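See below for the structure under consideration.
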Protein chains: 2
Amino acid sequence: MHQQGALAGIEVAASRTRPNMSKIASALGVSSATVSNALSGKGRVSAELVEKIRKKADELGYVPSSAGRALRTGRSNVLGLVLPDISNPLFPQIAQAMEAAASNAGYGILIADSRGDVTTQTQAISRLIERGVDGLVVIPRRGTRIGDIGCPVAMVDTPSTPGNTVSADHWEGGAKVARHLVDLGHKNFLLVGYDPASNVQNDRIGGMKSAFDRGIKYDTIWLETLLRERGEQTSLGLIDRVRDGVTAISAVSDLHALRVLTELQTAGIKVPQQVSVTGFDDLIFSPVVTPSLTTVHMDMARIAELAIAALVREIEHSKSEPNANTSQKQNGKAAKQTVTAEPSKVSMELMVRASSGPIILPDTPILNGKTL
Amino acid sequence: MHQQGALAGIEVAASRTRPNMSKIASALGVSSATVSNALSGKGRVSAELVEKIRKKADELGYVPSSAGRALRTGRSNVLGLVLPDISNPLFPQIAQAMEAAASNAGYGILIADSRGDVTTQTQAISRLIERGVDGLVVIPRRGTRIGDIGCPVAMVDTPSTPGNTVSADHWEGGAKVARHLVDLGHKNFLLVGYDPASNVQNDRIGGMKSAFDRGIKYDTIWLETLLRERGEQTSLGLIDRVRDGVTAISAVSDLHALRVLTELQTAGIKVPQQVSVTGFDDLIFSPVVTPSLTTVHMDMARIAELAIAALVREIEHSKSEPNANTSQKQNGKAAKQTVTAEPSKVSMELMVRASSGPIILPDTPILNGKTL
DNA sequence: AGCGTATGGTTAATCGATTAACCAGATAAT
DNA sequence: ATTATCTGGTTAATCGATTAACCATACGCT
């Protein structure tokens, strides 16, 4: 049934070349302008004629030519998505959310990978521009400032980054996990970051620290530095930390939390009985590992919606006043390059799972080995 | 320096509307046809004039209009990538490889998420077609057959799927891990799949079984069924399996291997001393968990290259003979819809890491609890 | 001198959709 | 009765790049 339909469609489409507006027009003895008006609903066409045109259109299997439309209107209805490093495990969520939001707004998403490199990022952006995208969503690498391009840009990083359009409130997220652990009675923390130059990670860690009162001890390690010095596969030396009294380890990503978790488990340290572990981002594996990871979830769908909406608003807006910016007078702001959204930050949600729990006092017997 | 250049470019671009070929042409007193010929290197233009035109072009910050070109040539230089479920953790690798391969071939990648649903997949495909893509790369959902569309399609699934263009040799991969474990002395296996309807997973498991001689016991469980019956967070009951003699657990994905690994570790079962665990796909976390996961890696870059190359070949080819297919005589094959590549399967690489090891005989004392 | 043939360009049509400007006929308003 | 307005369309220009067809001019060769 379904396949039948698809095949029938092709039958017609392949019969010669794909039909255009004038083909519909001549088939009905009207002008192509009328067809355009009828299908777009813009001009004045009688209701009955509209109906006839619609019918003929999908009888012929008409598909509007995006090239023709783009050429005429100057807009391609495609947005570019620039990612710092596609291999980022968070990327699927981002891409999915952006694609859905864009699709709802009638736009397509062209992707570009900047491979974490700043110059590659520049190249990626110009490739997208050449392809005629109407706007860009950029997840910037570290503190990269986006140069002046010829189209609106939405930046998704973190609220503390200047020029940020919209993002999760990473600071608040950090505060939430930290407070959760403090409430459980933890007083000695190890905070685990990866890249000390990352705005997002600094915000997350900053948020965590903000939740610590006097009387709480903590230390921070940055994995990138550590791993560069000691090699990728090195142990993080967590056992010593635990022996020295750490009871809670909070990482800036589930990826690192997982590393921590498995290292502890291999050493026979019980999570969460002896040590609580938390991550960030609610990556795909987080709910299904044992113990499931307590983490902080970001509402990527909402962030994407806000970013895309801001972008689309600016794009449609620039239609009305095409040349508001002269090169002579750059009135302070760089010609509305990076768009703004309201709200510009989206709350993060704490997901309490099994890897965090109340502190178990030293006199409580700790089981070794089998739990069953 | 770099930023200077970018800004200077904008300065000009923003000065009014972006320049086109005729602007360059009139600035130099030549015809726009000559400019086109000069920049494309196709027609006959004197070397010096070519040089002058080139210079003027990037002096004015000329960027060719992809819409104009697409309209005229009938080709957009954009390919669509249809993914079964973007949230698939393997997706970053796929997208990155495809983007790189396409970019090298001068194409852009437009993404579409089919959210695992078959009807959504159909919609996603038509959205891409409407956007004017020249071809499609489809990572199909389960055994989906791709209906007849108006453009060439490369299917990346598994060699046993009819119509498959190119993919990893999942069967061989399965055989490789299994043989590895057999060589280590394992004789009692638990094979862990997720979706019993997945061609890829069936091939992987089929490959594993093919490596088992007589005298090897194995059982297979499918998580989707299990989890649907008992709930997402359920224990997989691995402890019982181990008690019953299983010494090696092989999953069809690192995601499931990780689930297995952490469940075992939590129960105090040592990996790999008591049980070996292996996965598939070499996901981002696999090398950094403890113990690092033995897995099977696929050369996604090569697969992407082959798929894109096959697609591009067909696209360029159809340029020369535009209407080889009449709707009347469909000569057996469905008008070269899904393209073919040579080779059509790419070898998988076994990554031996720390989660697999030689069997430790029952008389060897097994440590409980702390290893240090 | 006369013919063929490179060389280096130009002219003009074309791809498909959109839209400003215009127009005929009917109806309403003064 | 005459002008204004509304309805339902049509005409033709336009977006920007490409390319087939054409046209000078110069050069080589007999």
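Scope of the values below: all heavy atoms of this structure, side chains included, with no hydrogens, waters or symmetry mates. On a predicted model such as this, the values are computed, not experimentally measured, just so you know. Numbers restart at 1 for each chain; the letters A, B, ... are given by sequence-line order, proteins then strands.
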Quick check on D:dT19: is either OP1 or OP2 less than 4.0 Å from any side-chain nitrogen or oxygen of B:Lys42? yes

Below 4.0 angstrom from OP1 or OP2 of D:dG9, is there any side-chain N or O of A:Thr34? no

Kindly point out which of D:dA13, C:dA12, D:dT11 is positioned nearest to the side chain of A:Ala33? D:dT11

Give the nucleotide from the list D:dG8, C:dG16, C:dG9 with an atom nearest to the side chain of B:Val45. C:dG9

A:Met21 atom CE is separated from D:dT14 atom P, nearest whole Å, by 20 Å

Under a 3.5 Å cutoff, is there a donor and acceptor pairing between the side chains of B:Ser31 and B:Thr34? yes

When you measure from the side chain of B:Ser114 to the backbone of B:Leu83, do you find a donor-acceptor pair of N or O atoms at a distance under 3.5 Å? yes

With the side chain defined as heavy atoms from C-beta on, A:Asn20 is closest, among C:dG9, D:dG16, C:dA17, to C:dA17

Is a donor on one side and an acceptor on the other found under 3.5 Å between the side chain of B:Asp134 and the backbone of B:Leu79? no

I want to confirm an ordering. Mapping B:Arg44 and A:Ser32 to their closest nucleotides on DNA chain C, which one lands closer to the 5' end? B:Arg44

A:Ser65 side chain N/O closer than 4.0 Å to the phosphate oxygens (OP1, OP2) of C:dG16? no

What I'd like to find out is whether the side chain of A:Lys52 reaches to under 4.5 Å of the side chain of A:Val30, using heavy atoms alone. no

Let's see if you can work this out: which of D:dT19, D:dG9, D:dA17 has an atom nearest to the side-chain heavy atoms of B:Asn37? D:dT19

Give a yes/no on whether any side-chain N or O of B:Ser36 is located under 4.0 angstrom from OP1 or OP2 of D:dT18. yes

Please check the phosphate of D:dT18 (OP1 and OP2 only) for any side-chain N or O of B:Arg69 closer than 4.0 Å. yes

Using a heavy-atom cut-off of under 4.0 Å over every strand shown, decide if A:Val30 touches base, sugar-phosphate, or nothing. sugar-phosphate

Does B:Ser46 make a side-chain N or O approach to OP1 or OP2 of C:dG9 shorter than 4.0 Å? yes

